[in-house]
Amino acid sequence: MLTIINTLNSAPALRSSTCVERVLVSLKNAYAIVTFKGGNTYFYSKVSRRAIATLKMSSTESLGFWVNKYCKNGANAVSYTHLTLPTKR
């Protein structure tokens with residue numbers, strides 16, 4: 001797992017989101033690690049490389065919209081792994 005995380009060294013431009021705290025993506029490996037505001041972190045594989053490139057080039061696209069469209073409801077049978085338990089804030 002550490003090898004996978006080391007290849008995810010790219011974060012899109014910072015922007016505000018009501019549900020997503022942070023997104024790390026790998027265009028090369030088609031992965032996304034998404035941390036939600038509640039503290040849950042998910043590892044998504046088989047994410048569209050075109051969607052990742054678009055996210056990296058755009059500084060205005062909503063992170064929540066991007067995650068819902070390309071990670072949670074992706075057309076390419078995106079799979080995910082829950083990495084953390086929620087934390088109280």
Side-chain angles (χ1 to χ4, degrees):
M1 184 63 154
L2 184 57
T3 303
I4 293 171
I5 292 173
N6 285 337
T7 63
L8 297 173
N9 58 3
S10 182
L14 291 177
R15 59 198 93 175
S16 63
S17 174
T18 57
C19 66
V20 176
E21 186 172 316
R22 178 178 46 204
V23 176
L24 297 173
V25 293
S26 171
L27 183 60
K28 178 182 175 186
N29 298 306
Y31 297 132
I33 294 179
V34 180
T35 302
F36 292 92
K37 295 280 182 165
N40 285 311
T41 301
Y42 291 86
F43 175 84
Y44 294 92
S45 60
K46 300 179 185 175
V47 177
S48 162
R49 286 182 172 91
R50 181 175 288 165
I52 292 172
T54 301
L55 178 67
K56 291 180 63 58
M57 292 188 298
S58 170
S59 62
T60 59
E61 185 173 16
S62 162
L63 290 179
F65 174 81
W66 187 88
V67 169
N68 279 321
K69 185 171 182 180
Y70 298 108
C71 295
K72 295 177 84 175
N73 300 318
N76 293 339
V78 173
S79 60
Y80 69 92
T81 302
H82 189 207
L83 298 178
T84 60
L85 296 175
T87 58
K88 292 193 176 205
R89 293 185 180 233

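Starting from 1, each residue takes its place in the sequence as its number.
Between A32 and V25 the shortest heavy-atom distance is CB-CG1, 4.0 Å. When all heavy atoms of W66 and A51 are compared, the pair lying nearest together is NE1-O, 3.0 Å. Of all heavy-atom pairs between G64 and C19, the closest is CA-SG, 3.8 Å. The shortest non-hydrogen separation linking C71 to V47 is SG-CG2, 4.2 Å.
The CD1 atom of I33 sits 9.0 Å away from atom CZ of R22, with the distance rounded to the nearest 0.5 Å. We find the NE2-CG distance between H82 and N40 to be 3.5 Å, quoted to the nearest 0.5 Å. Within the model, atoms OH of Y70 and OG1 of T54 stand 6.0 Å from one another, a figure rounded to the nearest 0.5 Å.
At a threshold of 4.5 Å between non-hydrogen side-chain atoms, the residues T35 and L83 do not count as touching.
Under the side-chain contact (heavy atoms from CB on, under 4.5 Å) criterion, S62 pairs with F65, not counting sequence neighbours. Residues that satisfy the side-chain contact (heavy atoms from CB on, under 4.5 Å) test with A30, not counting sequence neighbours, are R49.
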